[in-house]
Amino acid sequence: MEIVWQTPANPPEARDYIIRDGKRFVRPYYFEFVSYVKNRWVGKTVVDLFAEEFTGRPREYYVGAVKSGRIQVDGQVVSLSYRVRSSQKISHFLHRHEPPVLAGSISILQKEPEVVTICKPASMPVHSCGQYRKNTVVGILQAEHGLTPLFPVHRLDRLVSGLLIFARNPSKADQLRQQIEAGLLHKEYIAKVLGVFPEGEQVVNANIDYNAREGRSSVETADKCNGKHLKGKTACTKFTRISTNGIHSIVLCEPVTGRTHQIRVHLQHIGHPIANDELYLHHSEVIAPRSTKRMHPESAAMDTYQPSPVLESSYDVNSNEEFSIDPMCTNCPNLGPKG
């Protein structure tokens, strides 16, 4: 079989998706990942570089990929002993398996010549990032509704559902972003949190420092930094309790600023993390009510939110929705990636 390598220029198509067990999978495909040698990589062998920076695959895989030419430097096959130099282009040709998302459809609420407003389901990112390329809001709208190009005016975290506005041309996107920066757009979120949230408006002013490598934010306060200069960006969120059942509370969240994971980390900071937030729940100092102790964070809010799907699915050999099995792939024969 001749391998057809895809790049970011290849648009997603409706046939790329497989719906199974309430999840939307992407049919695995061959893809060229391109990166350029960073200063901290200089002088390392290709295998050492990949084994240290991209830990999702075993070292033995990278040895085989270099030997077979699946990993190339400046378009050339190199030896295992080759050491990379600054700014060189590294291509990794692999069999790409994207994580699944929930299979719910994307509701288009309003479609105008310059603006599209949709209801984003939980579990899917807005645009390409990390392991996601086709299993995104932008990718699915292009594949299933022919909506392209789309320019996100703002974003929602992958696990968050809600209204999302897209511009359909760059000039409209700039106009809407300027309105957001000028404070003309008011955002409101509803969160289910652990514990009995206090009555009255609660205002949290606490700097947020985002660690891109770890993919999480943390709150910085003067007492935690022992007088040292705060690295994080200023952040402010207003919270108002809507209701509580003594175990959880429903809270209105109004971000004044727009930092990464701002609402989630501010709620964690004041001892009321979002009930099924795996990233921040386990690092919170909140004392969970007796009925939620030792409970999986997703179980605590199962009545209102379906958790993100697991990242592995066995391949059904009797399915007529076949995809090619790659002998070098560490994820095959599963539809989704391992781990």
Side-chain angles (χ1 to χ4, degrees), residues 99 101-102 119-127 129-130 132 136-137 152 154-164 180 185-198 201-221 224 230-244 247-289 292 295-309:
V101 299
L102 297 178
C119 183
K120 173 193 172 304
S123 82
M124 66 178 65
V126 174
H127 48 67
C129 59
Y132 299 88
T136 64
V137 175
H154 63 106
R155 59 180 297 277
L156 295 174
D157 287 346
R158 181 175 64 86
L159 297 178
V160 177
S161 61
L163 294 180
L164 196 59
I180 292 174
L185 179 68
H186 181 69
K187 297 181 183 180
E188 293 183 351
Y189 297 78
I190 303 294
K192 183 176 184 178
V193 304
L194 286 186
V196 178
F197 200 86
E201 184 179 76
Q202 308 294 315
V203 180
V204 179
N205 283 289
N207 283 28
I208 291 179
D209 184 27
Y210 178 66
N211 187 319
R213 192 171 183 83
E214 294 182 3
R216 66 189 308 271
S217 293
S218 58
V219 162
E220 287 186 336
T221 56
K224 286 185 178 180
L230 301 180
K231 296 185 299 181
K233 297 179 179 179
T234 57
C236 178
T237 314
K238 298 177 181 179
F239 299 104
T240 306
R241 189 179 84 187
I242 297 174
S243 64
T244 183
I247 299 174
H248 300 101
S249 298
I250 304 299
V251 178
L252 172 67
C253 313
E254 301 173 90
V256 178
T257 53
R259 311 304 181 199
T260 301
H261 298 179
Q262 176 175 313
I263 292 173
R264 298 163 68 184
V265 76
H266 272 178
L267 284 169
Q268 177 211 40
H269 174 62
I270 60 176
H272 295 280
I274 293 175
N276 63 343
D277 191 342
E278 289 195 62
L279 185 59
Y280 294 104
L281 184 65
H282 297 302
H283 295 84
S284 175
E285 297 177 359
V286 66
I287 299 176
T292 61
M295 181 180 289
H296 191 279
E298 291 173 346
S299 302
M302 190 67 74
D303 56 331
T304 60
Y305 176 73
Q306 292 299 314
S308 297

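Excluded from the calculations below are hydrogen atoms, water molecules and symmetry mates; all remaining heavy atoms, backbone and side chain alike, are included. Predicted model only: the values in this text are computed from it and were never measured.
Checking side-chain atoms of Thr240 against main-chain N and O of Glu201 turns up no donor-acceptor pair under 3.5 Å. The main-chain N or O of Val160 is found under 3.5 Å from a side-chain atom of Lys120 such that the two form a donor-acceptor pair.
Taking all atoms of both residues into account, the shortest heavy-atom contact from Gly215 to Tyr210 is CA-OH, 3.6 Å. Of all non-hydrogen atoms in Ala191 and Cys253, the two that sit nearest each other are CB-SG, 3.9 Å. Ala275 approaches His248 most closely through the heavy-atom pair CB-CD2, 3.8 Å. In this structure, His266 and Ala206 approach most closely via the heavy-atom pair NE2-O, 3.0 Å. Summarising the geometry of Thr237 relative to Ile263, their closest heavy-atom pair is CG2-CG1, 4.2 Å, with the distance given to 0.1 Å. What you find for Ser249 and Gly195 is that their closest heavy atoms are OG-O, 2.7 Å.
Put simply, CD on Glu254 and SG on Cys236 are 10.5 Å apart, with the number rounded to the nearest 0.5 Å. In this structure, Gln268 CD and Leu281 CG are separated by 9.0 Å, a value rounded to the nearest 0.5 Å. Of the inter-residue distances, the one linking Ile250 atom CD1 with Thr244 atom OG1 reads 8.5 Å to the nearest 0.5 angstrom. Atom CD1 of Ile274 is separated from atom OH of Tyr189 by 11.0 Å, given to the nearest 0.5 angstrom. We find the NE2-CD1 distance between His186 and Ile180 to be 13.5 Å, quoted to the nearest 0.5 Å. From Cys129, atom SG reaches atom CZ of Arg158 across 8.5 Å, with rounding to the nearest 0.5 Å.
Within the 4.5 Å cutoff, the side chain of Leu102 has no heavy atoms near those of the Met124 side chain. Between Phe197 and Leu267 there is a side-chain heavy-atom pair separated by less than 4.5 Å. In this structure the side chain of Thr260 never reaches within 4.5 angstrom of the side chain of Ile208, judged on heavy atoms. In this structure the side chain of Asn207 never reaches within 4.5 angstrom of the side chain of Val219, judged on heavy atoms.
For NZ of Lys187, the number of neighbouring non-hydrogen atoms (other residues, nucleotides, ligands) closer than 6.0 Å is greater than 12.
No close placement of the His272 and Phe239 rings is indicated, their centers lying 6.0 Å or farther apart.
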Report the C-alpha separation of Ile190 and Leu252 in whole Å, then their side-chain angles, then the decisive distance to 0.1 Å, and conclude whether the side-chain contact (heavy atoms from CB on, under 4.5 Å) test is met. CA-CA 5 Å; Ile190 303 294; Leu252 172 67; 3.9 Å; yes
For a side-chain contact (heavy atoms from CB on, under 4.5 Å) check, start with the C-alpha distance between Arg216 and Val265, then their side-chain angles and the critical distance, and finish with the verdict. CA-CA 9 Å; Arg216 66 189 308 271; Val265 76; over 6 Å; no
Start with the C-alpha gap between Gln202 and Arg241, add the side-chain angles, then the distance that decides, and say whether side-chain contact (heavy atoms from CB on, under 4.5 Å) holds. CA-CA 9 Å; Gln202 308 294 315; Arg241 189 179 84 187; over 6 Å; no
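Partners of Ser217 by side-chain hydrogen bond (donor to acceptor under 3.5 Å, both in side chains), not counting sequence neighbours: none found. Considering only residues two or more places apart in sequence or on other chains, Thr257 meets the side-chain hydrogen bond (donor to acceptor under 3.5 Å, both in side chains) condition with Gln262.
Applying the salt bridge (charged side-chain N to carboxylate O under 4.0 Å, His left out) test to every pair with at least one member in residues 256-265, sequence neighbours left out, gives these pairs: Asp157-Arg264, Arg264-Asp277.
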